[in-house]
Amino acid sequence: MYEQQSHSLLNRTLDQMEASLQQHDLRHFYTRLGANFYAIYNLFNRLYGDREDVEEQLVELVNTMARQYIARDQELKQIDQAREADHNWFLSQQWVGMALYLDGFAGDLQGLREKMTYLQELGVNLVHILPIMECPRGASDGGYAVNNFRDIDDRAGTLADLRALAGHMRKRELLLTLDVVLNHTSNEHAWAQKARAGDTAYQDYYYVFDNREVPDMFEETMPEIFPENAPGNFTYDETMGKWVMTVFNDYQWDLNYSNPAVFIEMLDIILFWANQGADVLRLDAVAFLWKKIGTTCQNEQEAHLLLQLLKDCCQVTAPGVLFIAEAIVAPVEITKYFGEDAVIAKECEIAYNATFMALLWDAIATKNTRLLNQGIRSLPEKLDRATWLNYIRCHDDIGLGFDDVDIAAVGYDPRAHRRFLVDYYTGEYDDSPARGQPFGRNNKTGDVRISGTLASLVGLESALAADDEAVIQGSINQILLLHSLIMSFGGIPLLYYGDELGTLNNYDYVGDVARSRDSRWIHRPVYDWDKTGKRRQRGSVEQRIFDGIRHLIAVRKTLPAFSDFNNRELLDVGNEHLFVFIRTSFESPEESVLVVANFDDHPQQFDLAMLGNRERFSMAPLKDAASGESPALFNQQLVIPPHSFYWLVASV
Ligand code: GLC
C-alpha cells in the first residue's frame, strides 16, 4: 500500500521535474531513484510533511539530484558503478588515511600534489584535507567557518587545482576526503549577509530571534562548546538587530534544517563536492544538526533523519561516495550515526571512533587497560558494512568522552579520575612527562579537554629537553604502540600529519590574535621540509618513528584479518596492563591475528593456555607479523616488553 503511494508520488514528481533535465540519459539515475524513493519520500515527509509546499519541495529535491547527476563526470560514474558492484570495498585493510591542514603540510593544492609521493612513501592512500573552502581572512576556526561552499579559498588554490589533484590521486588509487561543514556558515557567507540586510527568507536559513525569550529557553539545556572563547549559544547581531544561534564561535551561524530550502542547498553542496572528485566527504559536527528547546540540541532523532536522507539522495546521484560522521559524542550515541534499525549503514558508512581514541589515552596515562577493556566492551556493536575511523590525534582537542558508568565499573571515582587525566596530560601531575594544554575549560561544569601533539603528550618533548635517550626511546615505543592499535583494531586508521615524524607542540600560536585563545593550534603543525629529510638519517627520532609507522602500514596491508567485518573478539587474559584481541579471518582461520599490547612500562606476561585452543594460538609456534620474529616465551607464558605489542600469527 505504502509502496503504491510512493509510486504514484514518484510519477507525479517526475512529471513535474524540470523539462530540460529530462532530455538527458538518466537511466541509472532513474533506477536508483526508484530503488531509494520510498525511503526518500518517507524521510522527507517526516521532516517537512506538515508544510503546505512539501510536494513542491520534493520536486526541487529531485531536480537537484538530477542536475548533479547530469553534471557528474563519466569517469566518476564508472567508479560509482564499480563500487556498487564491490560494495565492501572500503572495509579492506588496504586503506590507511592521514588528515592534514593543507597550508601547514604543503602550502596549497599544487604543493600537495608534489608532496603526494611523501604520503605514498609512508603508505597512506586516503588523504583528508581539512577545510579549504573560502573562509574569513581572520579567525575562521581553522576553515570551519565557511564563506562560500562552492569555491576553494584562494590561499589554497582554485577549483581547477582541486579537480586536477583529484584526477592525479585517482590514477594512483588514492582516496580524496574533503570536509563539508554542514552545521553552520560563517557570518560573512552570502546567506548571512542577506539575512543581516533584512531578507527574511535568508533569516529563515538560520535561527534568528527578535529578543532573548526563545534563546533563554534554549540556553536552559544547551551545553557550551567553546566556553572560554564563545560562551553561550547566541550572538546579538548589531546590523540585523536580532539574536542568532551560534553554538560554536560567535562568527559561526547555525543553519536551520527545519527549513527544507536549507536541506536542499546543503544536499546540492554535498553533491557538488562529490562531483569535484571527492571519494569521501567528512560531514562536520553532525550531532548538532537539529535544535529543539528543552534538549541539549545534540543527537536529536531528526539529525539522524537528515543524515539518512542525505545518504539516500547521495546514493542516487553519486553512490560511490562515502560519508564520515564527525560526531564526537557519548559511546552509545556514536554508533547511531551508522544508522539505526538497519543492517547496513544507512547514514554514514564511517564514523570517528572517539571512544577508542579517548580510551587509548586513558591506558597511556594509567599504564593499565582496565577502562580501555571495559569501554570497548560497552561499545554497542556496529552495523555490517560500516566502519570506524580509528585515530590517536586529530586537529581537535581530546575530550574524555567515555562513560562515567564504565569509569565507576573499573573502580575509579569518575570525577577524580577525569581530573587525574587532565592533570596528567597538562603536566600538572608530578610524575607526568606529558606536555599538553587545557582546552575548553568550563568553570561551571568543571569540564576540561586537552590539546597537544601525540609526541608531546607521550613525553617525547620533555625527554628531548632532558636529553634522556632511554626516555626518548620509551616515548617512541608508545607512539608505535598506539599506531599499532589503530591499525589493527578494525576500521580505517587515520594518522594525523606530523605524528609520523614525532612533531612536538608548536607554541607560536600564542602570538597570533586570531588563534591565541584556541590551544588547538598547538598541534596543527607547519612542516619544515628540510627537517622531514631527517627521516632518512639512521637513528634520528624522525627516522625511528617514520620507519616504524611505515613498516606497520605495510604489514597491515598484508593481513586480511585486519579488514573490518566485525571480526574482533576481546580477550581477558588476567593481566590489567594488557589489551588483547583476536582478529578472525573468516575465510581462512589460519590467517587470524592475535593482537597483544602492553601499556605498562615494565614487561608483562600471560599464560597462553588462557586462550584455550582459539585459532590454534595456544598450540602452534607463534610469529609476530609486525617484527617477523618469534615472541619471547617463558614457560608457556608470553612475555611482552614495556610499551610493546605483537601481531601474532600461528606459523605453520
Ligand atoms: C568540528 C571540527 C572542529 C570545529 C567544529 C566547529 O568539530 O572538527 O575543528 O571547531 O566542528 O565547526
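Both counts, for ligands and for their atoms, begin at 1 and track the order of listing. All values derive from a computational prediction rather than experimental measurement.
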| Parallel, tilted or perpendicular, as decided by the 30° and 60° cut-offs, for the rings of H184 and F248 | tilted
| Considering only the protein, which heavy-atom contact is closest to atom 1 (C) of ligand 1, and what is its distance? | D284 OD1, 2.7 Å
| message | Quick check: do Y236 and F209 have side-chain heavy atoms less than 4.5 Å from each other? | response | no
| Option of least heavy-atom distance to atom 8 (O) of ligand 1 (set: N183, D396, V286, L182) | D396
| query | Nearest to atom 4 (C) of ligand 1, what protein heavy atom do you find, and at what distance? | reply | D141 OD2, 3.3 Å
| said: Looking only at protein heavy atoms, which one is nearest to atom 7 (O) of ligand 1, and what is the separation? | reply: E326 OE2, 3.0 Å
| said: When you compare the side chains of Q276 and R163, does any donor N or O come within less than 3.5 Å of an acceptor on the partner? | reply: yes
| request: Give a yes-or-no answer on whether the side chains of S258 and N256 include a donor-acceptor pair shorter than 3.5 Å. | output: yes
| For ligand 1, which atoms, with element, lie under 4.0 Å from some heavy atom of H184? | 6 (C), 12 (O)
| note | Per-atom filter on ligand 1: closer than 4.0 angstrom to a heavy atom of F226 are 10 (O)
| task | Please examine the side chains of K311 and F323, heavy atoms only from C-beta on, and report whether any two atoms are closer than 4.5 Å. | result | yes
| Proximal atoms of ligand 1 relative to Q252 (non-hydrogen, under 4.0 Å) | 12 (O)
| query | With backbone taken as N, CA, C and O and side chain as the heavy atoms from C-beta onward, which portion of Y352 lies under 4.0 Å from ligand 1: side chain, backbone, both, or neither? | reply | neither
| query | So R515 and D141, salt bridge (charged side-chain N to carboxylate O under 4.0 Å, His left out) or not? Walk me through it. | reply | CA-CA 9 Å; R515 297 177 171 179; D141 191 19; over 6 Å; no
